[in-house]
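Report on one structure; see the data block that follows.
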Amino acid sequence: MINLEALNQYKKSFGFFSNQLTYPEKLDFHPKAFESAFDEKHPAYDSIQQYWDNMYEISLDDIQEVYTETFDFEKKTTLYMTYNKLTEQKERGQMLARLKVLYEMFGLEMPKSELSDFLPLMLEFLYAAEWIGDSRAQESLTLVVMVIEDGTYELMKVLAQKNSPYFHLIKALRETLKSCVIEQEKVASHD
């Protein structure tokens, strides 16, 4: 189960993650982008600080090259969260349709040129959607978080093997999401 209040608390972080996982532009690396989304109390602070420090050691041209090589040309490091997990087209198509309907249910229009399991889009949804007080939020956001967690698990492992600077970003994303998950024992004790 997802703690919706915690998820809401980290909206700016999800916006930051989304921006960092789209094609890099100079403004993405402005210090205020980082400072407005993270502080030392954030559950992923150490990982995101490591990512930020690593990115400041290389030029924007190099970052853009690493991004393209990592996410555009490698099947194992794709940003499409169901691509490697749901191998049957029908099953993947159903999940893509479900996610699209979910986004629209919360008032967000999907770009026609993008699939609904594109990680930056999913993170943008977590950043922009208004779900507080919506009875559909618990089930819907649990699905989104589950798809992100499933898709980023292998992604993070491959990025670690490649010693990619994006490893720490994905690790920070996963740490942030983990802090929003209510453990089953705690759920059972509140019943």
If Ile, Leu, Val, Met, Phe, Trp and Tyr residues are connected whenever their side-chain heavy atoms lie under 4.5 Å apart, and connections chain through other members, are [X] and [Y] in the same group?
X: Ile132; Y: Val145; value: yes
X: Tyr153; Y: Ile148; value: no
X: Tyr56; Y: Phe167; value: yes
X: Leu141; Y: Met146; value: yes
X: Tyr23; Y: Leu123; value: yes

- Query: Are side-chain N/O atoms of Asp53 and Gln49 paired as donor and acceptor at under 3.5 Å?
  - Reply: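 Distance-only check passes for Asp53 and Gln49.
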
- Task: Test Asp46 against Gln50 for side chain to side chain donor-acceptor pair (under 3.5 Å), laying out the working first.
- Result: CA-CA 6 Å; Asp46 291 340; Gln50 184 63 57; over 6 Å; no

In Å, rounded to the nearest 0.5 Å, how long is the span from [atom1] of [X] to [atom2] of [Y]?
X: Met110; Y: Glu124; atom1: CE; atom2: CD; value: 12.5 Å
X: Thr68; Y: Glu65; atom1: OG1; atom2: CD; value: 8.0 Å
X: Asp72; Y: Leu79; atom1: CG; atom2: CG; value: 8.0 Å
X: Leu119; Y: Leu155; atom1: CG; atom2: CG; value: 7.5 Å
X: Leu143; Y: Met122; atom1: CG; atom2: CE; value: 7.0 Å
X: Gln89; Y: Gln94; atom1: CD; atom2: CD; value: 11.5 Å

With a cut-off of 6.0 Å (strictly less than), are more than 12 heavy atoms of other residues, nucleotides or ligands near [atom1] of [X]?
X: Asp39; atom1: CG; value: yes
X: Arg174; atom1: CZ; value: yes
X: Gln64; atom1: CD; value: yes
X: Lys100; atom1: NZ; value: no

- For a ring-ring contact (aromatic ring centres under 6.0 Å, His included) with Phe118, tell me which candidate from Phe71, Tyr83, Tyr80 qualifies.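 Of the listed residues Phe71, Tyr83, Tyr80, the ring-ring contact (aromatic ring centres under 6.0 Å, His included) partner of Phe118 is Tyr80.
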
- Query: Can you tell which of Phe38, Tyr127, Phe34, Tyr51 makes a ring-ring contact (aromatic ring centres under 6.0 Å, His included) with Phe17?
  - Reply: Phe38

With a 4.5 Å limit on heavy-atom distance, are the side chains of [X] and [Y] in contact?
X: Asn54; Y: His168; value: yes
X: Met55; Y: Pro165; value: yes
X: Glu149; Y: Val181; value: yes
X: Leu169; Y: Ile48; value: yes

Any sub-3.5 Å donor-acceptor pair from [X]'s side-chain atoms to [Y]'s backbone N or O?
X: Thr78; Y: Lys75; value: no
X: Thr176; Y: Ala44; value: no
X: Lys76; Y: Leu159; value: no

- Name all residues meeting the salt bridge (Lys or Arg N to Asp or Glu O under 4.0 Å) criterion together with Lys157; count only those two or more places apart in sequence or in a different chain, and write none if there are none. Glu154

- Task: Name all residues meeting the salt bridge (Lys or Arg N to Asp or Glu O under 4.0 Å) criterion together with Lys12; count only those two or more places apart in sequence or in a different chain, and write none if there are none.
- Result: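 If we apply the salt bridge (Lys or Arg N to Asp or Glu O under 4.0 Å) test to Lys12, skipping adjacent residues, there are no hits.
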
Looking only at non-hydrogen atoms, find the nearest pair between [X] and [Y] and report the distance.
X: Ser13; Y: His42; value: OG-NE2, 2.9 Å
X: Glu25; Y: Leu60; value: C-CD1, 4.1 Å
X: Thr22; Y: Pro120; value: CG2-CB, 3.6 Å
X: Ser116; Y: Leu99; value: OG-CB, 3.5 Å
X: Ala33; Y: Asp28; value: CB-O, 4.2 Å
X: Ser140; Y: Met105; value: OG-CE, 3.2 Å

- For side-chain contact (heavy atoms from CB on, under 4.5 Å), just list the numbers for Leu21 and Ile170, CA-CA rounded to whole Å, side-chain angles, deciding distance to a tenth of an Å, and then say yes or no. CA-CA 9 Å; Leu21 288 166; Ile170 299 299; 4.1 Å; yes

- Query: After noting the C-alpha distance and the side-chain angles of Ile182 and Ile2, does the key distance pass the side-chain contact (heavy atoms from CB on, under 4.5 Å) rule?
  - Reply: CA-CA 6 Å; Ile182 302 170; Ile2 302 300; over 6 Å; no

- Task: Evaluate the salt bridge (Lys or Arg N to Asp or Glu O under 4.0 Å) criterion for residues Asp134 and Arg136: first the C-alpha distance (whole Å), next the side-chain angles of each, then the deciding distance (0.1 Å), finally the verdict.
- Result: CA-CA 5 Å; Asp134 191 314; Arg136 306 165 297 181; 2.7 Å; yes

- Message: Would Phe14 and Leu177 count as a side-chain contact (heavy atoms from CB on, under 4.5 Å) here? Give the steps.
- Response: CA-CA 9 Å; Phe14 295 122; Leu177 289 172; 3.7 Å; yes

- Take Phe16 and Tyr10 through the test ring pair (Phe, Tyr, Trp, His ring centres under 6.0 Å) and record every step on the way to the result. CA-CA 10 Å; Phe16 177 87; Tyr10 298 124; over 10 Å; no

- Task: I would like to know whether Thr82 and Leu115 meet side-chain contact (heavy atoms from CB on, under 4.5 Å); could you show each step before the answer?
- Result: CA-CA 10 Å; Thr82 63; Leu115 295 176; over 6 Å; no

- Query: Which word best sums up how the rings of Phe125 and Trp131 line up, parallel for under 30°, tilted for 30 to 60°, or perpendicular for over 60°?
  - Reply: tilted

